[in-house]
Amino acid sequence: MEALEKFRQETRAWLEENCPPSMRTPMTSEDETVWGGRNAKYPNPEAKLWLDRMAERGWTAPTWPRAYGGGGLSKEENQVLQQELRRIKARPALSSFGIWMLGPALLEFANEEQKKEHLPKIVRGEIRWCQGYSEPGAGSDLAGLQTKCEDKGDHYLVNGQKIWTSYADKADWIFCLVRTDPTKKHDGISFLLFDMATPGVEARPITMISGASPFCETFFTDVKVPKGNLVGELNKGWTIAKRLLQHEREMISGMGLGGAGSGAGLGGLEQAAKDYYGEQNGRVASPSLRDHITRQKMDGKAFALTMQRSAEEAKAGQGPGAASSIFKYYGTELNKRRFELLLEIMGTKGLGWEGEGFTGDEITVTRSWLRSKGNSIEGGTSEVQLNVVSKRVLGLPD
Amino acid sequence: MEALEKFRQETRAWLEENCPPSMRTPMTSEDETVWGGRNAKYPNPEAKLWLDRMAERGWTAPTWPRAYGGGGLSKEENQVLQQELRRIKARPALSSFGIWMLGPALLEFANEEQKKEHLPKIVRGEIRWCQGYSEPGAGSDLAGLQTKCEDKGDHYLVNGQKIWTSYADKADWIFCLVRTDPTKKHDGISFLLFDMATPGVEARPITMISGASPFCETFFTDVKVPKGNLVGELNKGWTIAKRLLQHEREMISGMGLGGAGSGAGLGGLEQAAKDYYGEQNGRVASPSLRDHITRQKMDGKAFALTMQRSAEEAKAGQGPGAASSIFKYYGTELNKRRFELLLEIMGTKGLGWEGEGFTGDEITVTRSWLRSKGNSIEGGTSEVQLNVVSKRVLGLPD
Amino acid sequence: MALVLTEEQQLLRDTATQFFQERLPIANLRKLRDTKDATGFDRAIWKEMSDLGFAGIMISEKYGGTDFGPVGLGLVLEQAGRTLAASPLVSTVLLCGSAVQLAGNATQRQDILSAIAAGDRIMALALEEGPHHNPTRIATRAEASGQAFRISGKKTFVLDGHVADQLIVAARTSGKENDRAGITLFLVDPKSEGVKITRTLMVDSRNAADISFDNVSVPATAVLGSVDGGIDVLEQVLDIARIGISAEMLGLVQEVFDTTLAYLKERKQFGKVIGSFQALQHRMAVLFAEIELCRSVVLDALSALEARRNDVPLIASLAKARLSDTATLMTNEGLQMHGGMGMTDQFDVGLFMKRARVATASFGDGNFHRDRYASLEGY
Amino acid sequence: MALVLTEEQQLLRDTATQFFQERLPIANLRKLRDTKDATGFDRAIWKEMSDLGFAGIMISEKYGGTDFGPVGLGLVLEQAGRTLAASPLVSTVLLCGSAVQLAGNATQRQDILSAIAAGDRIMALALEEGPHHNPTRIATRAEASGQAFRISGKKTFVLDGHVADQLIVAARTSGKENDRAGITLFLVDPKSEGVKITRTLMVDSRNAADISFDNVSVPATAVLGSVDGGIDVLEQVLDIARIGISAEMLGLVQEVFDTTLAYLKERKQFGKVIGSFQALQHRMAVLFAEIELCRSVVLDALSALEARRNDVPLIASLAKARLSDTATLMTNEGLQMHGGMGMTDQFDVGLFMKRARVATASFGDGNFHRDRYASLEGY
């Protein structure tokens, strides 16, 4: 405990000295996110400075081993670090699928050479990664993927198409699921890494119903990949994929709790209702709308309590509990409902697309409402989630 | 047209003379219904007189051929008769599953001898019938019935059990689906008639969640049935059953439109809400309740219009139309929702069981609310209805 | 009541179906959107629609209309809803045409109705002043000054307001905000001094505008109907628009349903077409039932208008509430069942969702109309 | 907050589970109902419950209670909900015990709390005057007359009112109906002259009564708490009852869910167990999610009571609204999935449905508590 307190003091002092002033201000737009990579963009020179200083200590990936450039912190030390970062409202030095998704997989499944090759570059933000999982034909049936990977003796040859590859047009490398055995389903999938600059790779951004998006369709035509880029065993890629998917699902389920684009700029549902609908004796003027708001708030609170209960149960050593199986389903449906309600509250002001007549907050709500429709599709549709609950948790038969 | 007008005049005159005064008053309870049969009960001597007079003209079954005791009326003449009966608010002379269900089936499928034997007695209310379709093990899968009927040369031997046989404890005869070929499903079912007084038949009334009920469990133990009592061909009973079920379904779907026990005694949903919840500036005091009432009323109106549209389409020669496929489902769900709403409106006054503290109307609502839960189960569950719509109407595959 | 179409009506429906499929398919809306078209609909095609009699469908033959009546208009709108056709049918025909028909004097009718029927005049109703429909919440004032009036105030969500050749403005000549009495309708030239028009780009890629009036002078002859008595006209006009938009939404939900059903029969997952999954089947069957009810309600509402039944306000609220709710439900379900592809702009389902929400917000959403229905029924 | 049970609490839950399964199974409720038992619960078993410490669970050891606190009481009530156990827990412990604990003077506490903890006194709160819960809508008057009060008025839905040894009556000493101020609580002997008690047989086969007071005289010592200040006590007591009944309903919905799930795995139709039909699977999965949320809410509400958090009113309304709605949904779905057999009195699901509706109506249904929640949050 004393050591931890010492660590806190040191960290606080270091941050005080090294986190530049502009990196302690809230981001004004998503464009200011630092993703690193060969064509890294920084909102200002201090952002680069902040990344370099953090990367040098390995604190962009605080718990990774020092041998691979990580911070080598214990779980407790990392908690302290995160608390101290929040305390000064520091911006993330680096946002990275390499850190969030690939790194943990490499640490668990890659060979020594691969770890040495890729992890330090991820920590330093030198290489920006994207993930190639979904395919147009597969959808919910992720394991139905068709992207062909043939063993050509000294290299693999990849042909096929991915979809929903976030930032594929901006990424340097991709970690990718490919089919190495067409006669099997789950046991014919491998996990492959390759450079997006390889000839035959093309990424086309997808326009979504909510407008421009980070998503791309990515095409592979006779892409040659060195054989050393296979992670784990041939045809055993599904094991790695499952681990990564689990992680993705957990990230998405937090949505029901609100956050960015959830109308926070409008001061919450009830304030928005008073502003856009009007008040009567201090209450929201439309009683039926008031009732809808209360239902939403009650469900939101109940869901938050359930996530908290699950965390407490896990902490008490009772495992994550059955309740966690519903998080993805309930959180995303709740988030969708919240946006429908915001639109109901905002009337025609919630239906602007761009240009004059609407505030930035209003346009953000409209776009986020549209974007929210994807929450119950990506990372396992609500239907798939309900299947999982009914079969694995409730034990209902096929 | 002139002939029809003449018929109307004659009918009116005849009714004026022959419908006794007490038969023109509203029934005060279901107990006053005249079902006929060997142990017929009449609320008063005029009820018997009214039945006898109507039966003599065959007007208890107005459109059946005169040869079998029916009225021999055309469809148009029957409409006139019904209008005239309504005009003087005449009570039904006879309520009878024989007339509603069995008769039409016999007219279509029975042989001459059977028609001569059974139809006149139905018309005169001499024999009261019940129907033996459902079985405890079968449920929605009606054709999965197991009641065994063996050919013993000079007679059939019936063993098994029926459920939901309405008034089996009061009926004289039963029309019954039995299994005559255990190796087939639909093609192993036959349609059999027999006397409930036959040794081996036992009927036990079922207590429902809503209290006493007309339903019985009916047990058959080595019941001997003359071979002449088979209607139609052996193993072809399913054809007859389907015709009868169609008819039953149509009778149940009218429910969404309200009627007996629907809270009519309380003056409709909005009046009940004002009475049980209170008024504020002339409006129902609870705004969220008011919203629920409006949703219910709107859905009820939309459903009524849809039934009307379907009828008009049929009249215009366009067939019943796809809309009719949803009647059973929607009508029963709507009826269930109406009762839930009535309970919401009535608070603790809608939750009495019997005795002091509640009016007769209130107790009726409570019992009818409970009874309404069966609407979406009997005559084909809502789930079966949705299956039928999705497969037959929408063409979705298995 | 007529819930079944006559042969003549069926013919009209077939004409409309063909017209919208061929001349105003969804691709047309995409083109207008992607080219950032300044008008926001195709004036040449509007002329074609007028030649077919669609613009004058509610206008008597005396003024060059076809006088097909509300049921006819409903059939056209339903088909327009299936292809998301952008046209001034709502602004010019449903709202302004009806207002002039109901309240205009002989001169106004002659001038305006014949121009509308010919497809030569685009009109817009400047009514709303806040984000939610509320026909009595009018703060815009028109002060009498000699033989003229001077109008000042701000209007929003004026459909086709940025291209209208003529405006109808609801302004207050007496009383205070929310009073029923004291509202007057004025015919206003959008080029008048003091009128400032800002096009607002809505999520459905249709047209609306914010319009401000700064001491805009109009002559006494610009009054449409009686001074202070505008609300009675407005309410009739709005009910026509509510029913018309409900008809459009009926086409919209039917199209999304049909498209989704086709997708379910084609798209495979886990080796089976997804339409074979019972959970989706039941949801589709429930949607089918909801839409069948919607169809009955819209047909009855159109018949009510045609027969001038006195329950028009009630059935208009029923139609608008039910179609708004069902359109929300159907587009949400349709998108979800299309999966990830439904999220892309390449697929059409998102466009239907966007239109559904704007149509819902137009002239009262479900909350507004359920409350109105209860008021009309006295509870 | 503690959303996870301590070992001690788990032990209590296991004791309660075993007790209700063995001593108060559903068969007990059926017997009371079918024999038209005059008391409506089993007094001997209530004594057993008291010996186990259930009656004194909220009462301090000084008065012979076990002082296990709200979480403990919630655990017992949840298990009672699973077997539909009829007992005076709500009337005597949740309502009256809490009221005396909060507002009683030393004499009253000594007398009443020890009698309750020992299982020797049944008490009932005479509060409601209409079909809907409304703690300030009190017309019953108590007129001061010398050192005494004279009470006149009519009460309804008094739980266990027909067998109570002692009543707590909420009456107005000043103000008018619906005023918050002016309500006073009185301890009243049900055998007093002028008290008329009529048992009302409810659909859930539990006990309630209509009670009228005709100029009933009570001494000044019968006042519980302060004159005119009863509403503050009432509100705290009612929140305890709302949370307690929510805990009971949690047991109820969980039991119906479990029973239905078991039935789905066993019942065959069309050659398959019906639990293999995806449409039912999805409905069960959604119900599972709803119940998991209910459990979190109830646990948090009990913790809030225990920690005397200042958001007790808010979380009490959340719990009561959510459990009421989920209990309605779950019993409706449960019955439907049981098919025809669920309609028979032989199966239990109908009994759960009946209890769910009475519990919903007790101390505010969803409409009441959503409105209250919004008020408390200031919108």
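None of the values given here were measured: they were computed from a predicted structure. Throughout, protein chains are lettered first and strands after them, A, B, ... in sequence-line order, and every chain is numbered starting at 1.
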Original post:
Just wondering, are more than 12 heavy atoms of other shown residues or ligands nearer than 6.0 Å to CZ in B/Arg87?
Top reply: yes
Original post:
Does C/Lys268 NZ have over 12 foreign heavy atoms under 6.0 Å away?
Top reply: no
Distance check, rounded to the nearest 0.5 Å: [X] atom [atom1] versus [Y] atom [atom2]?
{"X": "B/Lys301", "Y": "C/Leu293", "atom1": "NZ", "atom2": "CG", "value": "12.0 Å"}
{"X": "C/Phe288", "Y": "B/Ser325", "atom1": "CZ", "atom2": "OG", "value": "4.5 Å"}
{"X": "C/Glu292", "Y": "B/Tyr330", "atom1": "CD", "atom2": "OH", "value": "12.0 Å"}
{"X": "B/Ser390", "Y": "C/Leu287", "atom1": "OG", "atom2": "CG", "value": "12.0 Å"}
{"X": "C/Leu261", "Y": "B/Leu396", "atom1": "CG", "atom2": "CG", "value": "5.0 Å"}
{"X": "B/Leu386", "Y": "C/Gln281", "atom1": "CG", "atom2": "CD", "value": "10.0 Å"}

Subject >> C/Arg370 versus chain B, the contacting section by heavy-atom distance below 4.5 Å >> reply: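 The answer is both parts of C/Arg370.
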**OP:** Measure distances from C/Ala321 to the heavy atoms of chain B and classify the residue's part below 4.5 Å as side chain, backbone, both or neither.
**Re:** side chain
Original post:
So which of B/Val284, B/Val388, B/Val393, B/Leu394 has the biggest tally of heavy-atom pairs under 4.5 Å with chain C?
Top reply: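 Among the listed options, the one with the most contacts to chain C is B/Leu394.
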Original post:
Which atoms of B/Asn281 come close to chain C, meaning under 4.5 Å heavy atom to heavy atom: side chain ones, backbone ones, both, or neither?
Top reply: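 B/Asn281 has no heavy atom closer than 4.5 Å to chain C.
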**OP:** Tell me, for B/Lys391 versus chain C, whether the close heavy atoms (under 4.5 Å) come from the side chain, the backbone, both or neither.
**Re:**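 Just the side chain, heavy atoms under 4.5 Å.
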Within the 4.5 Å heavy-atom criterion, are [X] and [Y] side-chain neighbours or not?
{"X": "C/Ile315", "Y": "B/Leu305", "answer": "yes"}
{"X": "B/Lys297", "Y": "C/Tyr373", "answer": "yes"}
{"X": "B/Asp299", "Y": "C/Arg322", "answer": "yes"}

Subject >> Intermediate values then yes/no, side-chain hydrogen bond (donor to acceptor under 3.5 Å, both in side chains), C/Arg295 and B/Thr306 >> reply: CA-CA 8 Å; C/Arg295 179 167 301 282; B/Thr306 305; over 6 Å; no
Subject >> Choice from C/Val273, C/Asn367, C/Leu280, C/Val286 maximising heavy atom contacts with chain B below 4.5 Å >> reply: C/Val286
Original post:
What residue in C/Val297, C/Leu318, C/Ile291, C/Leu314 has the most heavy-atom pairs under 4.5 Å with chain B?
Top reply: C/Leu318
Original post:
So, are C/Asp371 and B/Arg283 salt-bridged, with charged N and O less than 4.0 Å apart?
Top reply: yes
Subject >> C/Ser296 versus B/Ala302, closest heavy-atom pair with distance >> reply: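 In terms of heavy atoms, the two residues are closest at CB-O, 4.3 Å.
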Subject >> Single hit among B/Glu270, B/Gln271, B/Glu279 for side-chain contact (heavy atoms from CB on, under 4.5 Å) with C/Tyr379 >> reply: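 Among B/Glu270, B/Gln271, B/Glu279, the one that satisfies the side-chain contact (heavy atoms from CB on, under 4.5 Å) with C/Tyr379 is B/Glu270.
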Original post:
Does one side chain, of C/Asp300 or B/Gln308, offer a donor that lies under 3.5 Å from an acceptor on the other?
Top reply: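 B/Gln308 and C/Asp300 do not have a side-chain donor-acceptor pair below 3.5 Å.
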